[in-house]
Structure formats: structure tokens, C-alpha cells
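Below you'll find the structure, written out as C-alpha cells, and then a few comments.
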2 protein chains.
Amino acid sequence: MRTVFFKNKPAILAASSVGGPKESAGRLGEYIELKADNDTFGETTFEKAEKKMLYTAIKNSIENAHKEIADIDAIIAGDLLDQIISATFSARSFDAGYLGVYNACATFTEALTLGATMIDGGYLRSVVCGTSSHFSSAERQYRYPLEFGCTRPPQAQWTVTGAGACVIGKGEGPKIISATVGRVIDFGVTDVNNMGAAMAPAAADTLCTHFKETGLTPKDYDIIVSGDLGVLGSKLLVDLIWQKGYDISKNHIDCGEMVYKIDEKEYQGGSGAGCSSMTFCSYFYKKLREKKFKKILLMATGALLSSISSQQGESIPGIAHAVSIES
Amino acid sequence: MRTVFFKNKPAILAASSVGGPKESAGRLGEYIELKADNDTFGETTFEKAEKKMLYTAIKNSIENAHKEIADIDAIIAGDLLDQIISATFSARSFDAGYLGVYNACATFTEALTLGATMIDGGYLRSVVCGTSSHFSSAERQYRYPLEFGCTRPPQAQWTVTGAGACVIGKGEGPKIISATVGRVIDFGVTDVNNMGAAMAPAAADTLCTHFKETGLTPKDYDIIVSGDLGVLGSKLLVDLIWQKGYDISKNHIDCGEMVYKIDEKEYQGGSGAGCSSMTFCSYFYKKLREKKFKKILLMATGALLSSISSQQGESIPGIAHAVSIES
């Protein structure tokens, strides 16, 4: 069994999101709480900007929950940068415990799973779960520095510049019902520009496991939200899961597909550890609060690689964790 | 409250350790389960060697627990390499859930904390917690490639080449009683060769918090084991905690101090995410099993930096998570 059931249904008490200029001008713009004027967010480097975005999302989510930092027992956070420095240096500013997590772009639902467990069992009182990413810090770490002016291939996604964080505790708010922990699935994809294809098999595996272990079907969810498969990856997911006997073609949506007003530059849509967190903590959280969605399955998806693993000939496995949330 | 209490006292059912040649020739040699003949462990790169060591420790710990991989619901693992690729690519070989964690050299007790929570609350049936590090992969990632022949300063530690993993579940074995989640503490240390000084304040903070929140005193433990503060860092910890009214001078030991037969090259002793896991999963696990130790506090300590954070002028904060274990 890889599905965790939460008997006490921990609540997502509040959420907060920060978006870069491109994200704020996109389709989620009206839902993003704090819109950055520029992509350095008043800092001197992209890495420091990313850290400030995550810090801000964490701080604002605590304020939105009408809590003090003293009420928060732990921050569970991660990001795409080496040694998850955005999360670490954000956590440094808060007088709370810190648990660093990393599953690439699936980190947000990993954090939600662990945070909900801590709250459900009464182990901690309140936790904040948050993740971030930044287009420019990710590009120069994983691919090429922007100054190099590399041409992007059509299968590429655009790493979201943004962050999202939410407070989990006991109280009023959308409830976390269950979570399915993903496996590392490798279909041998080696193209660092084609993350959607690398992640789709892992997403299909987690989704099938979730349905099998919970006894639910796609129809039980108002909407099934994948993290950042992008346009191509989403098509692959719908096809892969169809072969297993599940039809999600009617109620599946992908955060990566939602985030931008698609123009030619982003190609497949958004990606990054901040893609699912920023989207959930803005649009979906609001819609759950308004009861426009009654039951959603949020499944962030991650491509597990490093520049070293790619240089040494490794393929890119994927992972996906699914979290079931009711308004 | 940053201390988590485990009502059902999850058991550490089995453990396994892998050590590099230098570690196997050290003081823990007779306790290390698998001693590598050479530091590439039959692989072509140091990174692949590290991954194989962690994979081997995970596999052997499952065998030692007389379990099948189908019994393991999740692997909770991390390491020092960018994007924790040792943990990820190890997890790829097992048909189990995967939760990647990162708190530098404090990752092992972070994993134990999360794993024990999952088991204690009945959320998962069995989990494996493991971490690894490798001297040569860490040197070239964090400092200089070995080929550069850089002189090591006397405050430097030696990253342990090795891995440790253990299976947590319900059953017979040393019990996990409680865990204190650490905070990110920054005293402004900027010397990447002086990790002990960077981590000692975080270790002191976690230790004080543990004593306050559990009502225990240093005397309640047979031994208080820090992760890898090294010789200098250990002295700092004993002094810092003395100032807070706790005397651990009689029953404190540091994994980093234990691992090597101290000669001039290692200077302050061992470090690395594999230091505490290899030491715990060899020597301490055996002594707990033999009831030579009845109650120990294992507190792995981590220095939270990346090459980018140091290049951009950041100091090195520390973190420590403490796990209380009874035979």
C-alpha cells in the first residue's frame, strides 16, 4: 500500500502565492496573491530572488492563517536548486523546525503528504508546506546560462518563476483526505528538454495506484490536476491511463498548461517545483474555498535528474505524488 | 513544540552499512557489514559508486529484516549530491514509494523522524530510511576536484565514503521513542572547511529543545551521539550546552570522531550524510541489539550550503534533528 489515509482530515488553513512578471501576466494572474514587478524581485541574483519569493509565500501563508510563527512547528519545503537553498535560506528566517524535501517538481505534494501525516496523527500542531522555482536560476543550473542564448526546442517547458505555500493544521478549510506516494519510474527518456515524456509514466503509475488503493474512479473527482506535464506530457498521461482502463480525458487539467497564455516561447507550458504550488495556492485553493470544486486530486510530477547524472549517461526517471483534497 | 512523541514506539527492525576502504580500515571496521575494496565500488565514477553503496545498504537492510521489497511501502532517503541523485537512482531499483529528503548531513535523522511518524500512526507498514556520502564526489562538488591537489586546512573534516540504511516497522528491535525537529541556525560561519563550527550552535539548540520538551536530562541517556561535528565542533557543542545548564561532557560522542583512526589527514574526523547513517547502522545498532546501550540520542547535524550560496556570499547555517532510541 502506498496510499496514506488521513482519519482526522487535516485542513489547509490558508495559502499564499507569489508569481513572476510572466506568470502574473498569465491566466492565473488574477488569482496570484503577490505579483512580482521584475524577475529579480529586488534582489541581486536570480537565486536570491527565488529564495525571497518562497520566504514571502511562507510568511504570507502564516499571516493569512491568522497565526504567529510561534504557532508553526515545522516548515516542510524544497526547490530545484542544488542543496535546496531556496527552502533552507527561507527557513532560516523563521523560528520553526525545518524538514527539507526534494522530489524535483513533485516536491509540493511530497511536502503536503508529510505535513498532513504530521498533523493528522497529532505529532505537530501546524506546519507550512512550500516550494518554489525560478526560470533563470533553473536554466543556468540544468541547461545553459541565459547569456548563451540557446534556442529552445519545441518539446521544452518553461520553468515557472514563483512560489506557493500553505498552512496545514486543525481547523476550517479544505481537507486532505488521502495521499498516494509515488514510485521512481524510468522509461529511458534522456532529453533534458522533454520532461513531460519523462514524467508521464510515473504520473500514470501513481494515478492507477491511487484509484486501486482508494477504490475511487476518475469520476469521483471534480478535477484531476497534474503538476507540470505540459501539453505533450498531458496527452501521454491521458493515453497511458486510458490503456489501464481509466478515462480522465474529461476532468484532467495540468498546472503547466494553465499557467501561461500559450504563445510560442513557452511551447509545452510551465514546469518547475513552483508550478504546482503557485497554481494550487492561488487558483485551486480559492476555488476549493468557494466550493466551486468539491473534490480534487492534486498530483505534482517530478523529473529526477541532475546535470551530473545526465553527463554520466543516466536517463531521467520520473515521480508523482497524489493528494486528495475536499472542500 | 518541535518534539514528536511516538505512542506506539516503532521498531528499527534491521540495519545495514557499507563502508569505503578507509572507513573499513577505521575504528568501525569490524561493525561495518559490507566493506568496499576500493572507492569506486566496481563503478566508473565516484557518483555511481556512491549510488551503488546506498542501493546496497537499502537492499541488505531489507534482507536483514527478512522482508521482501513488496513489504516496503516507502524508501525515505537523501544524500549530499545535487538533486540527491544517489537516493533517487537507488530508489529507482526498488518497487516501492520514494520520498526524497535533504538536510545535508542531518538527513539521516530527518528520514528517521519522518519514517517513524509514518509507522507510528499506522500510515505505512514498513519504510526504509537511508543516506550516503562519498569523499571524492563531495570534494569535487563542494570544494575542489581531487586532481587539483588542494591542501586541506586543519579545521577540515573528511567526508565519509559509505552508506547506512535501516528498516522501520512494527515488530522486534530497538524502539524509536521521540524525535526533535531542528531549526536552521546561523552563526555567520563562512568557512566551507569549518563545518563543525557551523553546525555546533544548531546541535546545541536541538539538544536544549529536546531536554526541555521531553523533560529528560543528559543523564537519562547512556550516550548522546552527534552526527559529524568532528573534534572541534564537538568541543563547541559541549561548551555551548554547558552554558545552558546541561553537562554532556561525560556521555557525548561524535560519529565523525569515531569513524577514523585519527591520523593527520582527516584532521577533525569524518563528516557527510553517510557518516551518521553508517555509524548508527553498524556500531550503534549492534550495541543496541546487544543491549550494551539501553537508551541513546542520535542527533545528526547538517551544514546547509551549496557552492552557489557560498559564491553569492551567504554564510553556512546548520541544522540538527535528534532521535531518541531505546533497546
Side-chain angles (χ1 to χ4, degrees), chain A residues 1-2 4-7 44-45 47-48 73-75 78 80-85 87-89 91-104 107 110 113-114 117-118 120-125 137 141 180-186 302 304-309 312 314 317 319 321, chain B residues 1-2 4-7 44-45 47-48 73-75 78 80-85 87-89 91-104 107 110 113-114 117-118 120-125 137 141 180-186 302 304-309 312 314 317 319 321:
Chain A
M1 283 287 278
R2 291 190 279 122
V4 174
F5 295 92
F6 301 114
K7 293 172 285 285
T44 51
T45 70
E47 288 77 15
K48 289 184 181 179
D73 287 333
I75 293 165
L80 299 183
L81 294 182
D82 296 346
Q83 285 71 55
I84 55 170
I85 49 172
T88 295
F89 287 95
R92 181 176 62 177
S93 303
F94 298 100
D95 186 17
Y98 168 56
L99 297 160
V101 286
Y102 180 80
N103 267 175
T107 305
E110 182 193 5
T113 302
L114 294 169
T117 304
M118 283 289 184
D120 188 68
Y123 298 104
L124 297 175
R125 295 166 306 161
S137 65
Q141 178 178 283
T180 301
V181 178
R183 290 189 299 154
V184 181
I185 304 279
D186 196 340
L304 301 164
L305 79 161
S306 79
S307 51
I308 290 284
S309 73
Q312 296 189 358
E314 275 291 3
I319 195 162
H321 305 294
Chain B
M1 282 286 279
R2 289 190 280 122
V4 174
F5 295 92
F6 302 114
K7 294 171 284 285
T44 50
T45 70
E47 289 76 15
K48 289 185 180 179
D73 287 333
I75 293 165
L80 300 182
L81 294 182
D82 295 347
Q83 284 72 54
I84 56 169
I85 48 171
T88 295
F89 287 95
R92 182 178 59 177
S93 303
F94 299 100
D95 185 15
Y98 168 56
L99 296 161
V101 286
Y102 180 80
N103 268 174
T107 305
E110 181 193 7
T113 302
L114 294 169
T117 304
M118 283 289 184
D120 189 68
Y123 298 104
L124 296 175
R125 296 165 307 161
S137 65
Q141 178 179 281
T180 301
V181 177
R183 288 189 300 154
V184 181
I185 304 279
D186 196 340
L304 301 164
L305 78 162
S306 79
S307 51
I308 290 286
S309 72
Q312 295 188 359
E314 273 292 2
I319 195 162
H321 305 294

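All values below come from the heavy atoms of this structure, side chains included, with hydrogens, waters and symmetry mates left out. Sequence lines set the chain letters: A, B, ... in the order given, protein chains first and strands last, and positions in each chain run from 1. Note that the structure is predicted; figures quoted are calculated from it, not measured.
To the nearest 0.5 Å, atom NE2 of residue B:His321 and atom OH of residue A:Tyr98 are 8.5 Å apart. Atom CD1 of A:Ile84 is separated from atom CD1 of B:Ile84 by 8.0 Å, given to the nearest 0.5 angstrom. Atoms CG and OG1, on A:Asp120 and B:Thr117 in that order, are 11.5 Å from each other to the nearest 0.5 Å. B:Ser307 contributes atom OG, which lies 8.0 Å from atom CD1 of A:Ile85 (distance to the nearest 0.5 angstrom).
Heavy-atom pairs under 4.5 Å with chain A peak, among B:Ser306, B:Gly302, B:Ala74, at B:Ser306. Interface check for chain A: of the options B:Val101, B:Val4, B:Val181, B:Asn103, the most heavy-atom pairs under 4.5 Å are formed by B:Asn103. Ranked by heavy-atom pairs under 4.5 Å with chain B, the list A:Ala104, A:Ser93, A:Gly182, A:Gly78 is led by A:Gly182. Counting heavy-atom pairs closer than 4.5 Å to chain B, the top residue among A:Glu314, A:Lys7, A:Arg125, A:Lys48 is A:Glu314.
Contact of the B:Phe89 side chain with the A:Leu304 side chain is not registered, since no non-hydrogen atoms from C-beta on lie closer than 4.5 Å. Contact check for B:Met118 versus A:Leu114: side-chain heavy atoms found under the 4.5 Å cut-off.
Looking at B:Ala96, only its backbone comes within 4.5 Å of chain A, counting heavy atoms on both sides. With a 4.5 angstrom heavy-atom cutoff, B:Phe5 touches chain A only via backbone atoms. In this structure, chain A has heavy atoms under 4.5 Å from both the backbone and the side chain of B:Leu99. Contact annotation for B:Leu81: only backbone heavy atoms (N, CA, C, O) come within less than 4.5 Å of a heavy atom of chain A. For B:Leu305, the part sitting under 4.5 Å from any heavy atom of chain A is the backbone (N, CA, C, O) and nothing else. Proximity to chain A is limited to the side chain of B:Leu124, based on heavy atoms less than 4.5 angstrom apart.
Remark: the backbone N or O of B:Arg2 is not paired with any side-chain donor or acceptor of A:Asp73 at under 3.5 angstrom. Not a single donor-acceptor pair under 3.5 Å links the side chain of A:Glu47 to the backbone N or O of B:Ser309. With hydrogens and angles ignored, the 3.5 Å screen pairs a side-chain donor or acceptor of A:Gln83 with a backbone N or O of B:Leu80. Under a 3.5 Å cut-off, the side chain of A:Tyr102 and the backbone N or O of B:Asp82 do not form any donor-acceptor pair.
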### Message
Applying salt bridge (Lys or Arg N to Asp or Glu O under 4.0 Å) to A:Asp186 and B:Arg92, what does each step give before you reach the verdict?
### Response
CA-CA 7 Å; A:Asp186 196 340; B:Arg92 182 178 59 177; 2.6 Å; yes

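The shortest heavy-atom contact between B:Val184 and A:Ala91 is CG2-CB, 3.9 Å.
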